[in-house]
Colleague: 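Right, I'll just put the structure down here and ask away after.
Letters A, B, ... are given to chains in the order of the sequence lines, protein chains preceding strands, and every chain is numbered from 1.
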2 protein chains.
Amino acid sequence: MTAPAPRRSTKQREAVREALEASDEFVSAQALHQAMRAEGSTVGLATVYRALAALAEDGEADALQSAGELLYRACTKTHHHHLICRSCGRTVELEAAAVERWAGQVAAAHGFIEPDHVVDIFGLCAECAAARSGSAR
Amino acid sequence: MTAPAPRRSTKQREAVREALEASDEFVSAQALHQAMRAEGSTVGLATVYRALAALAEDGEADALQSAGELLYRACTKTHHHHLICRSCGRTVELEAAAVERWAGQVAAAHGFIEPDHVVDIFGLCAECAAARSGSAR
DNA sequence: GCCTTAGTGAGAACGATTGTCAATCTCGGC
DNA sequence: GCCGAGATTGACAATCGTTCTCACTAAGGC
Ligand SMILES: [Mn+2]
Ligand SMILES: [Mn+2]
Ligand SMILES: [Zn+2]
Ligand SMILES: [Zn+2]
């Protein structure tokens, strides 16, 4: 069906993977590129975009769209969802068997097949909440 | 806190609202603009963008990001989620008290405040599924 | 080592969205 | 009904994240 897609291992892709894993948050391609450059890497921006897309395709990273830009994060390979701080980006992985079941049932009940779902929770983490109330006007 | 934001009623904004309500699917600003033009309207594209943003802000429309573009749909004003056909865009509104509760509890358990959430289910509606298996190779 | 060809990087190109700004409308006050 | 302040509009330019192009480099099977 879909060609297995050969994939050579290059130092650039490896560098991107490492940089991504070094961060616990969802980051944009641009931000990751800048961070890598700051560390002395010479990867090109286009390569970072390509590497991140490949990682996501291989299930090595999760992607989500927030505020108009694509963010990536190195995640567990098993299916899960996220609780994300909208201020600092800190992310908690969530398991939610009940929600998975619900999604499948609702889709089936309406005659939809091949259901997929997006379930993410955004909020302010305790740290950011404290920082805000501390410096609030 | 936030200024009530005065909002004058104009025929353009009204036309956008009507055009949006005429569709049962999520549509992009561009698509809506083209549809309106096709009907003889002379609204500007920028105005459609502004009107849709205003409608979403006022809770008269729901917005979601799919494949890199913002889509809007005239929806019920009460909180709900969506089951969307990824082929034809047909949309079903969903209520899910259990999921709402779950989201709130999970956020609280991790010390997050002001929780918000994104919960959407994508799939192939019965009609599109039938069409596909009928013409499948 | 040699060869085929995927991968890379600099820059151009793209496309959705937002900003600019003069002209035009809304609407509360008269 | 008529005014005037200021919100709104629309054509167009400008942004900005992302993708494309293409000459060059370097995996990796032999
Ligand atoms: Mn994840
Ligand atoms: Mn809705
Ligand atoms: Zn935080
Ligand atoms: Zn469908």
Colleague: Looking at Glu114(B) and Arg132(A), does any basic side-chain N land under 4.0 Å from a carboxylate oxygen?
Modeller: yes

Colleague: Using a cut-off of strictly less than 4.0 Å between a heavy atom of the residue and any atom of DNA chain D, enumerate the qualifying residues of residues 48-55 of chain A by number.
Modeller: Tyr49(A), Arg50(A)

Colleague: Show, in sequence, the C-alpha distance, side-chain angles and deciding distance for Cys75(A) and His82(A), and conclude whether the side-chain contact (heavy atoms from CB on, under 4.5 Å) test is met.
Modeller: CA-CA 10 Å; Cys75(A) 282; His82(A) 305 107; 3.6 Å; yes

Colleague: Nucleotides 26-30 of chain D: which of its N/O atoms have a protein N/O under 3.5 Å away?
Modeller:
unit_1	atom_1	unit_2	atom_2	d
dA27(D)	OP1	Lys11(A)	NZ	3.3
dA27(D)	N3	Arg8(A)	NH1	3.2
dG28(D)	OP1	Ser9(A)	N	3.1

Colleague: Is any side-chain heavy atom of Asp120(A) closer than 4.5 Å to a side-chain heavy atom of Val118(A)?
Modeller: yes

Colleague: To the nearest 0.5 Å, what is the distance between NE2 (His81(B)) and CD (Glu100(B))?
Modeller: 3.5 Å

Colleague: Could you state the atom-to-atom distance from CG of Leu64(A) to P of dG17(D) in whole Å?
Modeller: 16 Å

Colleague: Looking at the side chain of Glu69(B), which of dG19(C), dA16(C), dT18(D) is the nearest nucleotide?
Modeller: dA16(C)

Colleague: Rounded off to whole Å, could you give me the CG-to-C1' distance for the Leu71(A) and dT18(D) pair?
Modeller: 13 Å

Colleague: What is the separation between atom CZ on Arg13(B) and atom P on dC25(C), rounded to the nearest whole Å?
Modeller: 16 Å

Colleague: Which pairs pass salt bridge (charged side-chain N to carboxylate O under 4.0 Å, His left out) with one or both residues in residues 65-75 of chain A, sequence neighbours excluded?
Modeller: Asp24(A)-Arg73(A), Arg73(A)-Glu93(A)

Colleague: Would Glu14(A) and Glu18(A) count as a side-chain contact (heavy atoms from CB on, under 4.5 Å) here? Give the steps.
Modeller: CA-CA 6 Å; Glu14(A) 198 45 46; Glu18(A) 276 174 31; 4.1 Å; yes

Colleague: With Tyr49(A), which of Leu45(A), Thr47(A), Leu52(A) fulfils side-chain contact (heavy atoms from CB on, under 4.5 Å)?
Modeller: Leu45(A)

Colleague: Quantify the bending of the helix from dG1(C)-dC30(D) to dC30(C)-dG1(D) as the angle between its end axes, each fitted on five pairs, to 10°.
Modeller: 40°

Colleague: His33(A) has an atom NE2; how far is it from atom C1' of dA10(C), in whole Å?
Modeller: 11 Å

Colleague: Taking only residues two or more places apart in sequence, or in another chain, which ones meet Tyr72(A) in a ring pair (Phe, Tyr, Trp, His ring centres under 6.0 Å)?
Modeller: none

Colleague: Does a sphere of radius 6.0 Å around CD in Glu39(A) hold more than 12 heavy atoms from other residues, nucleotides or ligands, not counting ones at 6.0 Å or beyond?
Modeller: no

Colleague: Counting heavy atoms not belonging to Glu127(B), are there more than 12 under 6.0 Å from its CD?
Modeller: no

Colleague: How long is the line joining CZ of Phe26(A) and P of dG17(D), in whole Å?
Modeller: 19 Å

Colleague: Could you check Glu60(A) against Leu20(A) for side-chain contact (heavy atoms from CB on, under 4.5 Å), going step by step and ending with a plain yes or no?
Modeller: CA-CA 10 Å; Glu60(A) 305 238 19; Leu20(A) 186 65; over 6 Å; no

Colleague: Want to settle it: does Gln65(B) or Leu45(A) sit nearer the 5' end of DNA chain C, counting the closest nucleotide to each?
Modeller: Leu45(A)

Colleague: Could you state the interatomic distance from OG1 (Thr42(B)) to CE (Met36(B)), rounded to the nearest 0.5 Å?
Modeller: 9.0 Å

Colleague: Rounded to the nearest 0.5 Å, what separates atom CG in Leu94(B) from atom NE2 in His79(B)?
Modeller: 10.5 Å

Colleague: Check DNA chain C against residues 34-44 of chain A and give the residues with a non-hydrogen atom under 4.0 Å, in numerical order.
Modeller: Arg37(A), Thr42(A), Val43(A), Gly44(A)

